[in-house]
Each structure stands twice: as C-alpha cells, then as structure tokens.
Amino acid sequence: MRRGTALGLSLLGATIVVVPLLWNMSSNQQPARYQSASQEKHYKLNTVHQDMKVTERLLSTDTKQAMNRALSQWPSKDQNHIKVKMDRFRAKNPHFVYTSWVNQSAGAHVRSGSIPETSKHDGKSTKEQLVSYVRKAETSVTNKQPYRSPEIMLNGKQYVVEGHPSPATNGGIVTVVSQHVVYQVHNHQQRNLRVVPYPPEHKYRVKSVDTNTKKDVNVADGEDNQGTSHYYTDEIVVRFRQQPTEQQLQRIRDDIRATAVKKVGNAYVFQSKWMETERLQQYFASYNPIYVEPHYLYLTNDLKRSDGTPTSLHATPLRDRFGRDNRLNQAPRAINTTEDEPNDVLYRPYQWNLPLIKTNNGWSLTKGREDVIVAVVDTGVDLKHSDLKDKLLPGYNAINRNAQPQDDVGHGSHVAGIIGASVNNEEGIAGMTWYNKILPVKVLDSSGSGTSYSVAEGIIWATDNGAKVINLSLGNYVDGALLHDAVRYAHERDVVLIAATGNDNTSQPGYPAAYPEVFAVSATDSNTGKASYSNYGNYVDVVAPGTSIASSYTNNQYAALSGTSMASPHVAALAALIRSVNPSLKNTEVYDIMRQTVNDLGTKGKDNYYGHGQIDVERALLLANQSTHSLSLYPQNVQRELKRTASEFDKQ
C-alpha cells in the first residue's frame, strides 16, 4: 500500500472570525496582523473552539428538522412498518445511533439501533446515565414536552439525547445523537489552521523548505508551516523535450531503481528506491528537460465561526460610499422575500452570505443550467448526502482509481454544497445554483493533502469530462510547472478556473490562484471587511464571503466553515450562473464580467486586499444577459455561433 499522497496542495480555507479574539476589518482598514506567533496560536485555538460551537448548533437544528419530518411520515400503527422506516431513517442519518418511537395511546414502542457500549475506561454508570436520559426523554414526549439531555462522553465520543413529541399522539421520537462531527471539525481545523505541524514529516517522508530560498525548514510547530512548501524526498517530476522511448524509460528505471513511474499530460513522476530529490534533479538535468522539479504537496486550509449568526446583514446600498451607482443600466426587479426566499431549513438562520451578494436577486435572471457543469477538485464529495446526491455526476478518484470520489474529510462536500446544494427541498442549506450539475473529483486524500500529480490529473480529467467551471479550494506557495501545465490545458479549452488564495494573512502568492489563467479569490466577513485570515496581494481578482459559511458535510450532516476555500465556490457558482445565462461567453469574458460588476471595497479601484471588489450576483448576471445582444461582443458572438454550427454539421 502506498505510504501517502505526495507533496501538495491543501484545502484553502475555513476560518471563523471570533469577535473580539480575531480582528475583523471594516472595508477601509488595512489587513489584520497577528502580533506574535504565540498570540496567533491563541487566536487560532479560540477559532477552533468557536467553530465547534457553531457546528454543534447546525447539528441540533438539522436533528430537530429530521425528527419532525420523520414524525410526519410515520403515521402508521403497524409496528413492523414503523421499524422499517426507522431503520431507513438511521441509515440515512448515521449520527442517530439509537432511535425509539413511542405511541402511548396505541401502547406501541419501536426501537432501532443500540445504545453505545462502555469501554474499559468508562464506568458502568456512564452508560446507565445515558440510558436514564433516554427514559426521561421517552416520558417527556408522552407528556408532549421536548427533551434534550446534557452532553455525555461514552467510549471516547460525545452524545446527546433528544426527544420530540408527536402532535398527533401521546408519544414521539427519542434519539441518541452522536456529536462526532463537532470533533471532526476540531481535528480538521487543528490541521488546516496549522495549529499542529501539517503535513507530519514522519508520516509522509516529506521535506519542508522555505518557498523562496528552498532551504530546509524544521516544522516543529503549526506556525512553522507558513511560507513553507513540502515535497516527497524520493520523487521527482520531469517534462522531457521529447517523449522518451520505452527503452529510455527502462534505462531510467534501472539507473534510479524506480519503484513507480506515472505519467500525467506530458510529464512524468518518478519514485526512486535510493535517490533523494536533490540527486534525482542532478540525474535528470543531463536529459536537458523542459523542467525538473520536486513532487509538491497541496494541503487544506480551513476555519469556522462561533455563534453562527452574522454580526450584521445590511442590504447593499444603491450607491456606495464613493457615490457610484451600484446598479447597471436598469434597476433590478424588486424581490419578494417571502416568495423568493428558499424554504431550506438552515437558509434563514445561517446563510447570511447569499443575500449579501444578491444571489436571490440573480435567480430572477437564471437559476442555472444542467449542461453547465462545475467540477469540485477537492477531497471528493459525500455521494449519498441528501442535499447533494441529485446534483452529482459520476466523478473521478485520482487517489484511488478503483474507488468512488467519496469525501472522507468534509472539505469537498462543504465546497460542493455552497455551489449546488439542492434548493427548496425543505431541508439543509440552499446552494447558489439550482440546476447546475456538480462533477466530484477527488485529488486530496483522507489527511486533506494531495500531490501535484493528483491535482494536475484531476484538472485534466475534469476538463476532458465536460467541466465548464473548475473550483480549486487548495494550494501551495510554490509555482509548480506540472500544475501550471494542467491549468493551461484547461484554460486553453475554455474552462473557467477559480481558486482560493489561502489563509495565512500573507501577501505571498499562493498557487494555483496566482497563475495568470486562474481567477483568484480572497475572503470577507459578514461586514464585507477583509477576513483576518485571508491572504491578499496584487494577484487577487475579487473577494467573496468566507466567514462562518454553513454548508453540507460528510455523513449527511452540515458544518460551518470559514476561509478562502469557502469564498472560492461562491465565485465558481457565479461563473456557472453567468455561463448559464449566456453560454456563448469565453472564459476570459466571464472573468471580465465578474471583475466589472463587483461592489468596490477598500481603496477606490483595484487594491491588494479586495482585488476589484466583492462579487455581486445580480449585477454580473445582468451584464452577462445584456452582452448576449451587446454590439461590443457582436463579432465574437457571431463567430462562435458559426463555429458551433460548423462543428455540429461536421458531426453529421
């Protein structure tokens, strides 16, 4: 079994702004700076704690909704029928480890699952306490009273007992809910905020180096990861000027004692049994290659927010503080919030981000198209998630080609939900697009890291399989040639590439976001201020909400994450909507529309902290729709239509 994924890209993005522990910024302030490494670690630890809290609240809200829905769907007095429904209910919601249905009027009591057992470290009284909470909950629901127990640790995991009474009977549902997702968020954020060293060198046999000097860096603490790049010590990436023959490849295998040789695009990745990277570079220099470089790792970078409630939600004014008109040539259609607001249960209390960028208003112009496909090149997607499964196409797993692109981290599922979670299905969240299909491409492993090979392979596969937009919420600080080759491949085939800039509050360019073919996205908070964690620099194109973003997570659950990883899919979704309202637009024209229709923040015009400004869905879609008949784009539109017609004729 392979020891791990090679150097790489990490998920760029989840952070929660904790007030006042993390400095928020109003839109005219300079970027927040931590005063010392110890203070930064303190702020990050508080952020992790706050992220756990908001995820717990999302879990509680979703649990109540699921139980209420079950009560409305289980009216049968046939206990065998109820048992079948309960088993299906638990299969869909695996965090409900035990469920009982009580109907005192009919003398019925049906159970599914089992109360967790104690371990040798737990006293017998621990399980007895949990059982007593279940009994109290059952008594409570028969008296038409809801119930929630204190949290209890059992066998190293935390549980809570909840009871919801039925409005139709003297009874209801009682369930033991695992809160493991809260601790998944804890472990996720410890890595992605670099509170702990990541990736662990002893596990991956990787080398950490300063990105600028390439000198070795001792990564003993999470803070040491900032500004470093990571690569495998026994692997090399080579692009030859001429494709080597099989005889030449065999000679190379023998010379370096190769244990693995892989090809992606026009480049090769060699793994040696006895040579390390520096010696491999010297060896391949004799072939005069186009490039030879280490095999880099790409990693995740996420954060989350504390209370799940935005500090403020102001409608964007018609004129900004410089007196400029925020509208286009015509006033937008008035939106009836009671009619046009989605009925998804987590939308109103948690999804402050969509109204802030006028997503609802934009839906009056388009809700998307199924044939405008968005690829999520990430940790995979929860393929069975009830809020995602109807939007997913068959995807690809670059980590294990024999496996489905199932998310085992949560990051990719979160990104996918922001783009395209099912809307108006009375559960979970609302995605920004109603109809656009999601193409899940797993390029990062269960630790949230992947190689330049796996990421490049994922981009090429997505391009060849119909993606019109690719979201890349991952990154590294090294300008890798192999990854850039893959980016160029997609861009030359008219794919829109959107990438997150990173969460180290640094101006050092992160890749792939800083490639000229990629549209770079940084993050703001609910006050449209620069998020304290967000990277910045002259390569930033736009900003989007990235703080305390509620979205889908693994095991059919939800979590609130923050970071540029969460900002990027807002822009990817906008690009998909633009291509839905006007499919004739080239990728560069989509970029231009998004830059031209922002709400300007910070210094007037483009600046290093907000790029051109924060995206505005309504304004962008208005311009995209107008450009269908725009005289300035008329020649390009005619040329594309003629080319498309000729292509279709040639196929006949």
Side-chain angles (χ1 to χ4, degrees), residues 54-55 57-75 85 88-89 92-93 96 146 162 164-168 173 308-310 313 315 332-370 374 382 384-392 413-438 526 545 548-553 556-560 566 569-570 573-574 576-577 580 617-618 621:
V54 69
T55 300
R57 294 182 183 184
L58 284 167
L59 174 62
S60 179
T61 303
D62 185 55
T63 296
K64 291 176 183 177
Q65 176 70 6
M67 294 172 76
N68 287 332
R69 186 181 299 109
L71 284 171
S72 68
Q73 296 173 352
W74 299 356
K85 286 181 173 287
R88 290 175 180 170
F89 175 75
K92 180 181 177 182
N93 303 282
F96 292 0
E162 295 205 25
H164 285 257
S166 168
I173 298 178
T309 306
L313 258 187
R333 181 180 70 87
I335 294 293
N336 184 324
T337 56
T338 58
E339 176 185 346
D340 297 324
E341 183 176 279
N343 62 18
D344 305 81
V345 68
L346 299 177
Y347 175 80
R348 181 179 285 271
Y350 294 104
Q351 291 191 265
W352 59 271
N353 44 312
L354 300 194
L356 186 66
I357 57 175
K358 297 186 181 178
T359 306
N360 305 57
N361 300 46
W363 287 337
S364 66
L365 294 162
T366 183
K367 293 182 173 70
R369 290 169 47 141
E370 287 192 358
V374 185
D382 185 353
K384 296 182 179 180
H385 200 293
S386 58
D387 233 2
L388 296 173
K389 61 183 181 180
D390 293 337
K391 301 291 291 295
L392 301 178
S413 299
H414 200 276
V415 167
I418 294 169
I419 296 169
S422 296
V423 185
N424 261 8
N425 60 348
E426 297 184 330
E427 67 173 285
I429 64 158
M432 283 183 62
T433 67
W434 292 52
Y435 305 121
N436 298 81
K437 292 295 187 180
I438 303 293
S526 61
S548 190
I549 307 300
S551 189
S552 42
Y553 207 64
N556 205 33
Q557 297 185 86
Y558 299 88
M566 282 63 255
H570 286 82
L574 173 56
L577 291 172
S580 297
V617 175
E618 181 186 26
L621 295 181

Separation of Ile418 CD1 from Gln351 CD (nearest 0.5 Å) = 9.0 Å

In terms of heavy-atom contacts, Thr433 and Ala576 come closest through CG2-CB, 4.5 Å

Does Lys64 NZ have over 12 foreign heavy atoms under 6.0 Å away?
-> no

Audit row: Lys389, Lys384, side-chain contact (heavy atoms from CB on, under 4.5 Å) steps and yes/no = CA-CA 6 Å; Lys389 61 183 181 180; Lys384 296 182 179 180; 5.8 Å; no

Under the ring pair (Phe, Tyr, Trp, His ring centres under 6.0 Å) rule, collect the residues that match up with Phe89, sequence neighbours excluded.
-> Trp74, Phe96

Just by distance, do the side chain of Asp382 and the backbone of Ser413 share a donor-acceptor pair under 3.5 Å?
-> no

Apply side-chain contact (heavy atoms from CB on, under 4.5 Å) to the pair Trp352 and Ile549, showing each step before the final yes or no.
-> CA-CA 8 Å; Trp352 59 271; Ile549 307 300; 3.8 Å; yes

Can you name the nearest heavy-atom pair linking Ala430 to Tyr347, along with the distance?
-> CB-CD1, 4.1 Å

Does any N or O in the side chain of Lys391 come within less than 3.5 Å of the main-chain N or O of Gly420, such that one atom is a donor and the other an acceptor?
-> yes

Heavy-atom pair of closest approach, residues Ser552 and Tyr558 | CA-CD2, 3.7 Å

Value rounded to 0.5 Å, distance of OG1 in Thr63 from CG in Asn68 = 10.5 Å

Distance from Ser551 atom OG to Ile429 atom CD1, nearest 0.5 Å?
-> 3.5 Å

Salt-bridge present (Glu341, Arg348; N to O < 4.0 Å) | yes

Compare every heavy atom of Pro342 with every heavy atom of Val423, then report the nearest pair and how far apart it is.
-> CG1-CB, 3.9 Å

Non-neighbouring partners of Ala416 that pass side-chain contact (heavy atoms from CB on, under 4.5 Å), sequence neighbours left out | Val376, Val381, Leu388, Ile438

Gly431 and Leu354: which non-hydrogen atoms are nearest, and at how many Å?
-> O-CD1, 4.3 Å

Counting N and O atoms only, with roles assigned by atom type, does the side chain of His414 sit under 3.5 Å from a partner on the main chain of Ala559, one being a donor and the other an acceptor?
-> yes

Identify the two heavy atoms, one from Val617 and one from Lys358, that lie closest to each other, and give their separation to 0.1 Å.
-> CB-O, 3.6 Å

Check whether any side-chain N or O of Asp344 sits under 3.5 Å from a backbone N or O of Leu346 as a donor-acceptor pair, and report yes or no.
-> no

Sort and list the pairs that fulfil side chain to side chain donor-acceptor pair (under 3.5 Å) and have at least one residue in residues 415-429, not counting sequence neighbours.
-> Ser386-Glu427, Asp387-Asn425

Heavy-atom side-chain contact between Gln557 and Asp62 under 4.5 Å = no

What distance separates Arg57 CZ from Thr55 OG1, expressed to the nearest 0.5 Å?
-> 11.0 Å

Say whether, by atom type as modelled, one donor and one acceptor occur between the side chain of His164 and the main chain of Pro146 under 3.5 angstrom.
-> no

Determine whether the side chains of Asn436 and Ser580 contain a donor N or O and an acceptor N or O closer than 3.5 Å.
-> yes

Report, as yes or no, whether the 6.0 Å neighbourhood of atom CZ on Arg69 holds more than 12 heavy atoms from other residues, nucleotides or ligands.
-> yes

Expected output: side-chain Trp363 to main-chain Met432 donor-acceptor under 3.5 Å | yes

